[in-house]
2 protein chains.
Amino acid sequence: MTPIDLAAAEVDTPKLGRKRDHTRDPEILAAALDVLAETGYDRMTIDMVATRAKAGKATLYRRWASKAELVIDAVACMKNAGIDMANLPDTGTLRGDLVANIKPHSIQDGDRKIHVMAGLMSMISCEPGLADAVQSAIVEPRARVNRLLLQRAIDRGEIPADCDMEKLSLLVASMAMYRTMVQRKTANREFLISVIDELLLPAVGLRP
Amino acid sequence: MTPIDLAAAEVDTPKLGRKRDHTRDPEILAAALDVLAETGYDRMTIDMVATRAKAGKATLYRRWASKAELVIDAVACMKNAGIDMANLPDTGTLRGDLVANIKPHSIQDGDRKIHVMAGLMSMISCEPGLADAVQSAIVEPRARVNRLLLQRAIDRGEIPADCDMEKLSLLVASMAMYRTMVQRKTANREFLISVIDELLLPAVGLRP
DNA sequence: CATATCCGAAACTCAACGGTTTCGGATATA
DNA sequence: TATATCCGAAACCGTTGAGTTTCGGATATG
């Protein structure tokens, strides 16, 4: 490549002709998440994603430099997927808030996130950016909701202020992850409510 | 191969010459577990295991038909590795028993088991035998100990008999797994005791 | 001591997959 | 309408790793 070619390559002048179609990017990322959740990072191939998204492999590589970048992007775009922090339920009791938060949609979203995490588990320690992406897109949003609901309960004097908010906010997620990954059962509504009633509420001194 | 050769191959007559040396099998399985815990199933190679065990790759294939069988065998042989069900601590209180069970050795053993599980996570859904091996070698032994300690507490009237023993016996393991895999922090003695004091004991009505 | 078998090392085969390139056809811009 | 760029499909390349084979040296058995 001559210096002239280099200069031409550096300047991006996409003025004439068809523009790149970015409308299908979300579909591709969704396909990537599906394959990831089903088969895990290492066994997932670019071909699988392309086929599922009904796109060419070359199209994927035009947008993401590598498999790793595609996956990181896909995980990042799950952020706040099933959570609207704006209008959380406010029922007046901790149990009411927690239970109201268990909707079919959020159960399904949580299940998907756990499966994605399982698919990334072995890879998460190699790829540095991956741990961050998982943390901020999967783990943190859920924990934030629980922290808020707990804080409300503290503010209204329903539960003691010196409770271990950090562990409490991760309790349901931990049990759901264990149930899904290890016991290979689904963390359905019944299970989640049972964790709340048998573990979380008793732990803060509330007998349901 | 002629019928005569086949017949000769079917009959195993290792009468003369050197016998196969099985004394190093445990070292090889231990090496496999180390690599598994460090790199995960998919990125683990037979060469890595052979090198770590200072053995030839051919030696491994003389004993195990495939990578999958080697790993299943390695996981299966962790059974009861760090647990002696025979003489568990019996301090007279649930907290005493649970805390007495947290020894440096058992912390390390638990940590290793979690890392092995993380390495197997994505693979566990493909290989059918793997889920069973993990269940009976990693998950069940720990749960059994906790169930026993909880049952003792019930028998002596320390905690209510209608508590959710199943979830309680998995609580510590769930939190430890979440902390190790997701938060990527170590589940050390301080953490484990804190889970017992802040979550488990309050949940059964005991304020420490 | 003789020999059948084992061992570790290394070379080898083969398939899968990440990543690149090419190509004919479609399409948005001018 | 003309053209520059896009698209999906498919062929292609290079590497990696599972599994096999070969080989010289070691060793237990007889």
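Naming: A, B, ... by sequence-line order, numbering from 1 per chain.
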For this session: Report the C-alpha distance between R142(A) and D109(A) in whole Å, list the side-chain angles of each, state the deciding distance to 0.1 Å, and finish with yes or no for salt bridge (Lys or Arg N to Asp or Glu O under 4.0 Å).
Result: CA-CA 11 Å; R142(A) 288 288 174 134; D109(A) 176 68; 3.0 Å; yes
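W64(B) places its CH2 atom 15 Å from the P atom of dA18(D), with the value rounded to the nearest Å. Counting to the nearest Å, the P atom of dG19(D) and the CZ atom of R62(B) are 16 Å from each other. For D21(A) and dT29(C), the CG to C1' distance is 15 Å, given to the nearest whole Å. In this structure, R43(A) places its CZ atom 12 Å from P of dA18(D), rounding to the nearest Å. The CG-P distance, from D47(B) to dT20(D), rounds to 14 Å in whole Å. Atom CD in E27(A) sits about 13 Å away from atom P in dC7(D), given to the nearest Å. One can place CG of D42(A) at 15 Å from C1' of dA18(D), the figure rounded to the nearest angstrom. If you take CG of L60(B) and P of dT21(D), they are 17 Å apart, rounded to a whole angstrom.
Between A58(A) and I46(A), the residue anchored closer to the 5' end of DNA chain C is I46(A), taking for each the nucleotide with the nearest heavy atom. Between K57(A) and R63(A), the residue anchored closer to the 5' end of DNA chain D is R63(A), taking for each the nucleotide with the nearest heavy atom.
Residue K19(A) places its side chain closer to dT29(C) than to any other of dT29(C), dC7(D), dG18(C). Nearest to the side-chain atoms of S66(A) among the listed nucleotides dC7(C), dG19(C), dA18(D) stands dG19(C). When the nucleotides dC7(C), dG19(D), dG18(C) are ranked by their closest atom to the side chain of K67(B), dG19(D) comes out on top. Distance from the side chain of R18(A) is smallest for dC7(D) among the nucleotides dC7(C), dC7(D), dA11(C).
A salt bridge is absent between R20(A) and D25(A); no separation between the charged side-chain nitrogens and carboxylate oxygens falls under 4.0 Å. Salt-bridge formation is detected for the pair E140(B)/R147(B): a Lys NZ or Arg NE/NH1/NH2 atom is positioned less than 4.0 Å from an Asp or Glu carboxylate oxygen.
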Kindly list each side-chain donor-acceptor pair under 3.5 angstrom involving residues 45-53 of chain A, sequence neighbours excluded, with atom names and distances?
unit_1: T45(A); atom_1: OG1; unit_2: M48(A); atom_2: N; d: 3.1
unit_1: T51(A); atom_1: OG1; unit_2: D47(A); atom_2: O; d: 2.8
unit_1: R52(A); atom_1: NH1; unit_2: E38(A); atom_2: OE2; d: 3.1
unit_1: R52(A); atom_1: NH2; unit_2: E38(A); atom_2: OE1; d: 3.0

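Checked by atom type and distance alone, the side chain of D84(B) never pairs as donor or acceptor with a backbone atom of A86(B) at under 3.5 Å.
In this structure, T59(B) reaches the dG8(C) phosphate: one of its side-chain N or O atoms is under 4.0 Å from OP1 or OP2. Side-chain nitrogen and oxygen atoms of R24(B) include at least one within less than 4.0 Å of the OP1 or OP2 phosphate oxygen of dG8(C).
When heavy atoms are screened at a 4.0 angstrom cut-off, M44(A) is found touching the sugar-phosphate backbone but no base atom.
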